[in-house]
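Let me begin by presenting the structure, written as C-alpha cells, before commenting on it.
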Amino acid sequence: MSVRQGFLALLSERPMHGYQLRQEFEARTGGTWPLNIGQAYTTLQRLQRDGLVAPVPDDDEGPERFRLTDAGRAEADAWWLRPVERRAPARDELAIKLALAVTVQPEGHGVDVAAVVQHQRTESLRALRDYTLLKRDAGDDPDGLAWSLVLDSLVFAVEAEVRWLDHVESTVAQAAARRDTPPVTEPVEPAPSDARRSGPDQLARRVRGGAR
Amino acid sequence: MNAPVMLRMTSVTRVHGQGAAEVHALRGVDLEVRMGELVAVMGPSGSGKSTLLNLAGGLDTPTSGTVTVGRDDVGTLDAKARARLRRKHVGYVFQDLNLVPALTALENVTLPLELDGSSARRARAKATAALATVGLDDLADRFPDDMSGGQAQRVAIARALVGPRRLVLADEPTGALDSVTGEAVMRVLRQRVDAGAAGLLVTHDARHAAWADRIVFLRDGVVIDSTGAAAGPDSLLHRAVRA
C-alpha cells in the first residue's frame with residue numbers, strides 16, 4: 001500500500017513533520033488505512049534516503065519538518081498519472097473456497113455450493129449495507145468527498161463480489177442441469193449427401209425420432 | 001423502537017394456473033415492513049419478486065395466507081375496496097413509465113389526491129409540499145420529458161408518498177439510471193422512509209439494495225435468507241436462521 005506515494009502527495013502541499021503526515025493521511029482516507037507512528041517515521045526515513053524529501057533548513061521549533069526535493073516533486077507529480085498496476089492476484093480465500101467447493105467430495109456427501117454462495121452473499125451484503133450507512137453520513141465538504149469516494153471503492157468491490165457469487169450460483173446450477181439431462185450420444189453416420197444438412201436439422205430429426 | 005407494522009405477510013402462497021400448468025410463485029412467505037423501515041427483496045428472475053410486490057400492493061390476492069396493509073386484510077377486500085386501499089395507502093415507483101407525460105410534475109403528484117376526492121386546492125398544497133421533500137420545488141411546472149431520469153424518479157417518489165400514503169413499493173427504481181443518479185434516487189427514497197413511511201424495494205442491484213435496513217432473498221417462491229439490521233429479536237433474520 002502506497003503510504004510512500006501518499007506522503008509525497010501530502011508534502012506537495014506544504015512541509016510537514018511525521019505526526020502531521022500520519023494525521024493527514026488518515027483523515028483524507030477516512031481512517032480506512034490506519035498508520036502507526038513508527039510506520040510514518042520509517043517511511044519518511046526511506047524517502048530521505050532516496051533523496052525525495054529533505055529536512056526543512058533552519059526550522060527552529062518543534063519536531064523536524066520535511067519538504068519535497070526537486071526529485072520528490074517530480075515523483076509526486078508523476079504518480080497521479082501513472083496507473084496503479086494490478087499485481088498478481090492475492091490468495092483470495094473466497095475464490096479458493098468456491099473452487100474447492102465445486103470439486104471436493106467429502107465422504108458421503110457433496111458440498112452444497114448454493115449454501116456456500118448464499119452464506120457468503122448474505123455476509124457480503126451486510127458489509128455493503130454497513131458501508132452504505134457510512135456513506136449516508138458522509139458530508140459534502142472536501143474531507144467528506146474523499147471519505148465518500150474511499151467508501152465507494154469498497155462498495156464497488158463488494159458489489160463485484162456479489163455479482164461474481166451470483167455468477168457462480170447460476171453457472172453451477174446450469175452445469176448440474178446439464179449433468180441431469182444426458183445429451184443424445186447415439187452415433188448417427190451422416191450420409192455424404194447430407195453433409196450440408198448436419199447440425200440443427202439432424203438433431204431435430206433425431207429428437208423427433210426418439211419421441212415416436 | 002418497534003414502529004407499527006405497515007405491511008405484514010403471513011404464510012403467503014400464490015399459485016398461478018391449474019393442474020399441470022400450476023406454478024407456485026410464492027410458497028409460504030412471511031414478511032413484515034414497519035414504518036420507517038426499507039426492506040429490499042433480491043432474487044433471480046422467476047423467484048417470485050414481482051408476485052410479492054403485486055400482493056403487497058393489493059394488485060393480487062394470495063392463494064392462502066394473509067396480506068395486511070395497515071389494518072386491512074387485503075384478501076378479504078373486493079376489487080373496489082382494494083383499489084381504494086391502493087389509492088389511499090400505497091404508492092409505486094417503477095423503473096420507468098412512472099409519470100403521465102401530459103401533466104407537469106406538480107399535476108402528476110396531485111393526481112392521486114384528486115382521484116381520492118381531495119379538493120384541487122388542498123391537493124395542490126400537499127403536492128407542493130411533497131415535491132419539496134424530494135428537493136424539486138423548483139421544477140413543479142416542468143413536464144416529465146423536460147426532466148432528467150433522476151428528477152423524474154424523485155417526482156415518482158414524491159407522488160408515491162403524497163398525502164396519507166405510507167407504503168411505497170419500488171420495482172427497480174434505479175434501473176435505467178447511471179450510478180451517481182441512481183444513488184441520489186436511493187438517498188431520497190431512504191429519506192422519505194426515514195421520515196416515517198414503509199418501503200419495499202425489489203432490485204437486482206446489490207449496491208442499491210444496501211440502502212435497505214434488511215435484504216430478503218427469494219428463490220423459487222421461498223425466503224431463503226435475510227440480512228438482519230438492528231431490527232431486534234423479532235427480525236426476519238432470526239426467524240430465517242431458526243427455520
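Just so it is clear: chains get the letters A, B, ... in the order the sequence lines come, proteins before strands, and each one is counted from 1.
Considering only heavy atoms from C-beta on, B:E183 comes within 4.5 Å of A:D152 through its side chain. Residues A:E159 and B:D205 are in side-chain contact: their nearest non-hydrogen atoms beyond the backbone lie under 4.5 Å apart. A 4.5 Å side-chain heavy-atom check between A:R121 and B:M42 finds every atom pair outside the cut-off.
With values rounded to the nearest 0.5 angstrom, B:I215 atom CD1 is found 11.0 Å from A:R126 atom CZ. Considering NE2 of B:H208 and CG of A:L128, their distance stands at 10.0 Å, rounded to 0.5 Å.
Only the backbone of B:A212 comes within less than 4.5 Å of a heavy atom in chain A; its side chain stays farther off. In this structure, chain B has a heavy atom under 4.5 Å from the side chain of A:E169, while its backbone stays farther away.
Counting all heavy atoms, side chain and backbone alike, A:T122 lies closest to B:S226 at CG2-O, 3.9 Å.
More than 12 heavy atoms of other shown residues, nucleotides or ligands fall within 6.0 angstrom of atom NE2 in B:H16. Heavy-atom neighbours of A:F156 CZ from other residues, nucleotides or ligands within 6.0 Å: above the threshold of 12. Other residues, nucleotides and ligands contribute more than 12 heavy atoms inside 6.0 Å of the CG atom of A:N36. For B:Q18, the CD atom is loosely surrounded, since the number of other residues' heavy atoms within 6.0 Å does not exceed 12.
Of the possible donor and acceptor atoms, none in the side chain of A:R136 sits under 3.5 Å from a partner among the backbone N and O of B:R187.
Looking only at heavy-atom pairs under 4.5 Å with chain B, the residue among A:T132, A:V158, A:V162, A:L133 that has the most is A:T132.
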